[in-house]
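Notes to accompany the following structure.
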Amino acid sequence: MLRSLDIRDMLIIDRLELNFQPGLNVLTGETGAGKSILLDSLGFVLGWRGRAELVRAGADQGEVVAVFDLPAGHAAHAILDEAGLPGGEELILRRINTADGRKTAWVNDRRASGEVLRNLSDTLVELHGQHDDRGLLNPRGHRLLLDEFAGLAPRVEKCRAAWRAWTTAQKDLDAAQAALAAVRDEEEFLRHAVGELDALAPVPGEDADLDARRRMMQAADRIREDVAKAVEVLGTNGAEGQMDDALRWLGDAAASAEAKLDAPIDALSRAMAELGEAQQGVADFLQSLSFNPVELEEVEERLFAIRGLARKHGVLPDALAGFANELRDRLAALDAGEAGLSALAQAVDQAKAGYQAVADDLTARRTKAAAALDKAMARELAPLKMERAVFTTGLTPVDPGPEGQDAVAFAVATNPGAPSGPLNKIASGGELSRFLLALKVCLTSGSAGLTMIFDEIDRGVGGATADAVGRRLAQLAGEAQVLVVTHSPQVAALGAHHWRVEKRVSGKMTTSTVTPLDAPARVDEIARMLSGDTITDAARAAAEALLNG
């Protein structure tokens, strides 16, 4: 319940403190007195999007504070918990708007975003007028309203999940089909290329080895003669023989040299060992220079084949083996593609069947809820002097979507035998107000803890019809707090609490004030609403009659 509203420096309000009560709260006043400013200010603190310029001329900033009572179990508690904001039995919303347009909000003295305010607003206040802003006149919003009436939100979310599963499975199948089609287009190339690579079987590093062997074989004839000479010089007829003779002669002389030749003999022995290793290495190399001329041809042929295949596929020779593996993987995907497509298609069928089951269940529940809403509307329209009017909730099939496969549209027939049609095209202004009031009552039934605001819902009606509207509002206020902005004396007379909104001009300053009315003041205000600026005794008598019921 909205307990109080404190407004400072907003539009033509300099300072205003309002303390609201349970039941039916009525605000009256002449057109332009500032009643809409109260709603703009309340909407501002609740985070609603409205006027861009709200700060009173000459003020640095405007401020609105709204205090709500929150009973245990109220839906606002969950929003506060999710946002990490303090809760309790009292909810204080405060929001300021500076002259340069900056807005700052607090919830229970903690900074909060406009989104948090709007989320809280959905659990705190329902605003409704002849030109309703929540979709009552817009057919695109009728399905959502029917779902709210029937409490189908969890099942709609289940339908969204089933739709996501279906569309995701279909996307996976489409992607696999596209990939398989692309692979099929290059199947002939893949099989030929893999055949070539498998036949050649290149290995990393082979190109460098073959190139080195080729260069060595090409140089063999030129270097073989020099290497052979070196072998001869190092052999027994050369260095080896001479060093062996020197070692034998020194050994014979060592006995008489008193150890003076021991070191040279040791060094010579080591040199003989090194010479042996060198001789063997040169001999082995000379042996390697002996090859079949056909071998050079074979090496060159393989080397050129590897390099030619690398150029053909635009890769380095050492990357051919890895490239061959990639092509084999693509062929494997092609070979396994049909089985994979079958599994994906089966997954699509299962997801579609799952969605269809959920959507069919949703359709059945909406159909049942539509009949219940029509009956509820019939009960609500009778007290509003529209017992002959017929309200129907129509369902028509549409293409499947996240929220199901149904389009919902409200239609009305205002008189027996008259054709039905869209709510905002068939009903007159006064009839439209009553239809919307009845809809609001049906759609907010069971919404405990809401403050319902009706902005000139009685526009276009008078007399007994206005009295019927007022009595329905009073009955509704027995279950929740109701605020009504009205020009109807019949509605105003049924209020449990009454405020008059006035515009005053002092010097060059225009301000709007709101005054709570006691019993005598209520008589005068309702008399003014009946007769105009000049309040007659007859008008007062009529006002008293209305107040006394």
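This one's a predicted model, so the numbers in the text were calculated from it and none came from an experiment.
For CG of D109, the number of neighbouring non-hydrogen atoms (other residues, nucleotides, ligands) closer than 6.0 Å is 12 at most. Open room surrounds CG on D60; 12 or fewer heavy atoms of other groups in view lie less than 6.0 Å from it. With a 6.0 Å radius and a threshold of 12 heavy atoms from other residues, nucleotides or ligands, R248 has its CZ atom above the threshold. Heavy atoms from other residues, nucleotides or ligands lying under 6.0 Å from CZ of R213 number 12 at most.
The backbone N or O of V67 sits nowhere less than 3.5 Å from a side-chain atom of R3 that would complete a donor-acceptor pair. Formation of a donor-acceptor pair under 3.5 Å by the H74 side chain with backbone atoms of A76 is found in this model. Panel note: side chain Y355, backbone G401; a donor-acceptor pair is recorded below 3.5 Å. A donor-acceptor pair is defined here as one N or O able to donate and one able to accept, closer than 3.5 Å; such a pair exists between the side chain of T123 and the backbone of L120. When atom types are taken as modelled, the side chain of Q481 and the backbone of L2 share a donor-acceptor pair closer than 3.5 angstrom. The backbone N or O of F44 sits less than 3.5 Å from a side-chain atom of R95, completing a donor-acceptor pair. Judged by distance alone, the side chain of D374 and the main-chain N or O of T393 form a donor-acceptor pair under 3.5 Å. Remark: side-chain polar atoms of D318 are paired, donor with acceptor, to backbone N or O of G205 under 3.5 angstrom.
When side chains are defined from C-beta on, Q405 does not count as touching D399, because their heavy atoms never get closer than 4.5 Å. L5 is not listed as a side-chain neighbour of V65, based on a closest heavy-atom distance of 4.5 Å or more. You'll find the side chain of F391 reaches within 4.5 Å of the side chain of L439, heavy atoms only. For the pair L275/M243, a side-chain contact is recorded, criterion being any heavy-atom separation below 4.5 Å from C-beta on. Between R328 and D198 there is a side-chain heavy-atom pair separated by less than 4.5 Å. When side chains are defined from C-beta on, L146 counts as touching L395, because their heavy atoms get closer than 4.5 Å. You'll find the side chain of L145 reaches within 4.5 Å of the side chain of E148, heavy atoms only. Looking only at side-chain heavy atoms (C-beta outward), L91 and L80 come within less than 4.5 Å of each other.
In this structure, CG in L42 is found 13.5 Å from CD1 in I37, a value given to the nearest 0.5 Å. Between D69 atom CG and E89 atom CD the span is 8.5 Å, to the nearest 0.5 Å. For the atom pair CG (L362) and CD (E403), the distance works out to 9.5 Å, reported to the nearest 0.5 Å. Once rounded to the nearest 0.5 Å, the distance linking SG of C159 with CH2 of W166 reads 10.0 Å. The distance from atom CZ of R215 to atom CG of L303, rounded to the nearest 0.5 Å, is 10.0 Å. Separating the CG atom in L344 from the CD atom in Q177 is a distance of 8.5 Å, to the nearest 0.5 Å.
When each of E206, E297, R307 is paired with R302, the side chain to side chain contact (heavy atoms under 4.5 Å, CB included) condition holds for E206 and for no other.
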Kindly determine whether L309 and E196 satisfy side-chain contact (heavy atoms from CB on, under 4.5 Å), including the steps that lead there. CA-CA 9 Å; L309 204 56; E196 275 188 326; 3.5 Å; yes
Working for salt bridge (charged side-chain N to carboxylate O under 4.0 Å, His left out), residues K158 and D361: CA-CA 11 Å; K158 185 178 179 181; D361 176 69; over 6 Å; no
Salt bridge (charged side-chain N to carboxylate O under 4.0 Å, His left out) evaluation trace for E157 with R160: CA-CA 5 Å; E157 185 54 41; R160 290 193 186 101; 3.1 Å; yes
Criterion side-chain contact (heavy atoms from CB on, under 4.5 Å) on I92 and W106, from CA distance to verdict: CA-CA 8 Å; I92 303 175; W106 292 263; over 6 Å; no
Checking R214 against D211 for the side-chain contact (heavy atoms from CB on, under 4.5 Å) test, could you report, in this order, the C-alpha distance in whole Å, the side-chain angles of both residues, the deciding distance, and whether it holds? CA-CA 5 Å; R214 171 174 172 259; D211 185 60; 4.0 Å; yes
Start with the C-alpha gap between S121 and W48, add the side-chain angles, then the distance that decides, and say whether side-chain contact (heavy atoms from CB on, under 4.5 Å) holds. CA-CA 8 Å; S121 165; W48 298 349; 2.6 Å; yes
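There is a side-chain donor-acceptor pair under 3.5 Å between D406 and T363. No hydrogens or angles considered: nothing links the side chains of N108 and E90 as a donor-acceptor pair under 3.5 Å. Side-chain atoms of T98 and Q61 form no donor-acceptor pair, as typed in the model, at a separation below 3.5 Å.
Among all heavy-atom pairs drawn from T168 and R164, the shortest one is OG1-O, 2.7 Å. Across I13 and R56, no two heavy atoms sit closer than the pair O-CD, 3.7 Å. Across every non-hydrogen atom of A169 and V348, the tightest pair is O-CG2, 3.3 Å. For C442 against F149, the heavy-atom pair with the smallest separation is O-CD1, 3.6 Å. Nearest approach of L93 to L117, heavy atoms of both residues: CD2-CD2, 4.2 Å. Of all heavy-atom pairs spanning E63 and M10, the tightest one is N-SD, 3.8 Å.
A parallel orientation is assigned to the rings of H142 and F410, their planes being inclined by less than 30° (bins at 30° and 60°).
Under the salt bridge (Lys or Arg N to Asp or Glu O under 4.0 Å) criterion, D6 pairs with R8, R15, not counting sequence neighbours.
Taking a cutoff of 4.0 Å between a charged side-chain nitrogen and a carboxylate oxygen, R143 and D147 qualify as a salt bridge. For R270 and D266, the salt-bridge test fails: no basic side-chain N is under 4.0 Å from an acidic carboxylate O.
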